[in-house]
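Inspection log for the structure reproduced underneath, given as structure tokens.
In each ligand, atom 1 is the first atom listed, and ligand 1 is the first ligand listed. Bear in mind the structure is a predicted one, so any value in this text is a computation, not a measurement. Computed from heavy atoms alone, side chains included, the values below leave out hydrogens, waters and symmetry copies.
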Amino acid sequence: MHTATEHLPESRHHTTKLDVERIRADFPILGIRPRGKPLIYLDSAATSQKPRQVIDALRRYYEEENGNIHRGVHYLSELATMRYDETREAVKRFINASSTDEVVFTRNTTEAINLVAASYGQAFVRAGDEIIVSLMEHHSNIVPWQLMAERTGAVIRAVPVTEIGELDLDAFASLLGPRTKLVAVTWVSNSLGTVNPVKQIVSLAHARGVPVLLDGAQAAPHIPIDVQSIGCDFLAFSGHKMLGPTGVGVLYARGDWFDRLPPYQGGGDMIETVTIERTTYAKAPSKFEAGTPDIGSVVAFRAAIEYLEHVGLDAIHDHELMLLNEATARVSSLPGVRLIGTAPGKAGVLSFTMDGVHPHDIATILDQQGIAIRAGHHCTQPLMARFGCGATARASFYLYNTLDEVSALVSGLEKVREVFG
Ligand SMILES: Cc1ncc(COP(=O)(O)O)c(C=O)c1O
């Protein structure tokens with residue numbers, strides 16, 4: 001049997017710092033030369049690059065293991081089912097869920113949140129009930145609740161964000177009321193880098209009997225997660241932001257939540273018996289995995305989880321912090337730069353604007369130097385409105401980035417300044 005941990009970089013047990021050169025060697029794409037320049041990839045918050053171990057697992061799946069899951073007794077069907085379930089085990093371990101029945105595979109974070117909004121909304125939300133989100137949410141943690149509110153007559157309330165980019169927790173506590181049916185907030189902001197005090201948020205909400213969904217899209221790649229310690233009811237995240245393939249996301253639901261929610265989609269694999277008149281449903285997780293999933297991506301996702309575990313999220317976090325501190329100090333001292341999001345304890349995201357230069361122009365000039373950053377509203381328009389800017393430029397860091405790349409970013413921004421005067 002192949003294991004995804006073959007040829008992994010040196011583990012955290014042998015080194016106190018990341019061996020970044022060794023890690024970089026695992027990422028074939030880092031060797032490309034866009035526009036003739038070495039690639040400097042500072043857009044991991046949008047999607048991370050993939051190590052060879054994940055690419056190999058995907059290729060191996062299609063070359064040696066491909067079959068449909070749960071449907072056959074033949075060798076390949078059994079093998080694919082086993083591989084698929086191994087990833088569920090890996091996810092359970094990665095987030096410290098108490099059972100694999102608490103882990104449902106979706107396409108991404110967006111689909112996981114839509115699932116909760118649709119099913120929870122149908123079962124528990126009535127006209128006049130309230131859902132609390134925050135002003136720093138990604139659109140994928142706003143729009144599904146709006147769709148649900150249109151169907152149910154619920155009302156959406158948003159926790160304000162302070163000048164440095166923190167959630168206003170006093171305001172949050174005062175928004176929690178007798179009509180509050182759910183709190184849905186992000187763990188880490190993709191636009192600001194703010195790491196929210198999720199344990200405190202959960203305990204404030206639970207004290208009022210209100211369940212909490214955490215958007216973990218930017219947390220799972222960077223922060224060790226223990227759902228039992230945090231106590232959240234739901235957690236959503238995406239494989240593609242944490243070294244995994246696109247097409248696979250996770251919805252964790254604590255305890256018996258999946259038993260209490262109606263199915264999201266109907267179809268094959270989610271049933272127990274079907275007659276023309278009625279259907280009885282399978283137990284979770286199958287109940288929420290209708291149809292053939294992206295089996296290959298789920299299987300390869302295990303290699304991503306094992307890679308992160310092997311390197312160690314604490315070591316990754318320390319490395320990102322070192323890059324962020326350097327970038328923050330140097331970029332903020334450039335003339336006309338305004339940082340958006342300066343909360344203490346931030347994750348590796350640097351959002352900024354430059355006087356007189358549109359963020360898209362910043363990104364375009366950097367791109368000519370092989371530097372990939374993101375410019376725009378980052379799917380957080382309410383947050384951009386809060387900070388009075390329609391868009392920011394955003395550099396985001398991950399385990400394969402280096403201090404030299406931070407220097408290249410700074411030189412690139414100096415060039416932007418020269419061009420725009
Ligand atoms: C905080 C946050 N939530 C949700 C999403 C949506 O993730 P996906 O597009 O993988 O569903 C993103 C993606 O950028 C994000 O950063």
Centroid-to-centroid, W257 to Y120, below 6.0 Å?
yes
Test item, H240 contacting ligand 1 (heavy atom, 4.0 angstrom):
yes
Among all protein heavy atoms, pick out the one at the shortest distance from atom 4 (C) of ligand 1; state its residue, atom name and that distance to 0.1 Å.
S140 OG, 3.1 Å
What part of T186, side chain from CB on, backbone N/CA/C/O, both or neither, has a heavy atom under 4.0 Å from ligand 1?
side chain
Modelled atom types, side-chain donor and acceptor of R338 and S332, under 3.5 Å
no
Which of the atoms in ligand 1, numbered in the order shown and given with their element, are less than 4.0 Å from a heavy-atom of A217?
2 (C), 3 (N), 4 (C), 5 (C), 12 (C), 15 (C)
Does the Q53 side chain pair with the main chain of Y307, one donor and one acceptor, at a distance under 3.5 Å?
no
Backbone, side chain, both or neither: what part of D215 comes under 4.0 angstrom of ligand 1, heavy atoms only?
side chain
So for atom CZ, which belongs to R374, do other residues, nucleotides or ligands contribute more than 12 heavy atoms lying within a distance under 6.0 Å?
no
Would you say the side chains of Y264 and N114 form a donor-acceptor pair under 3.5 Å?
no
of all protein heavy atoms, closest to atom 15 (C) of ligand 1 is H138 CD2, 3.3 Å
Top protein contact for atom 11 (O) of ligand 1, by heavy-atom distance
T110 OG1, 2.5 Å
Classify the side-chain pair H222/E320 by whether it contains a donor and acceptor separated by less than 3.5 Å.
yes
Just need the protein heavy atom nearest to atom 16 (O) of ligand 1, so name the residue and atom and give the distance.
Q218 NE2, 2.7 Å
Which of the ligand 1 atoms, numbered from 1, are nearer than 4.0 Å to a heavy atom of T109
4 (C), 7 (O), 11 (O)
Please list, in number order, the atoms of ligand 1 under 4.0 Å from a heavy atom of S238.
7 (O), 8 (P), 10 (O), 11 (O)
Where is the tightest heavy-atom contact between E21 and T402, given as atom of each residue plus distance?
OE2-CG2, 4.4 Å
Under 3.5 Å: donor-acceptor pair, side chain of K50, backbone of I29:
no
Polar-atom distance check: K241 versus ligand 1, any N or O pair below 3.5 Å?
yes
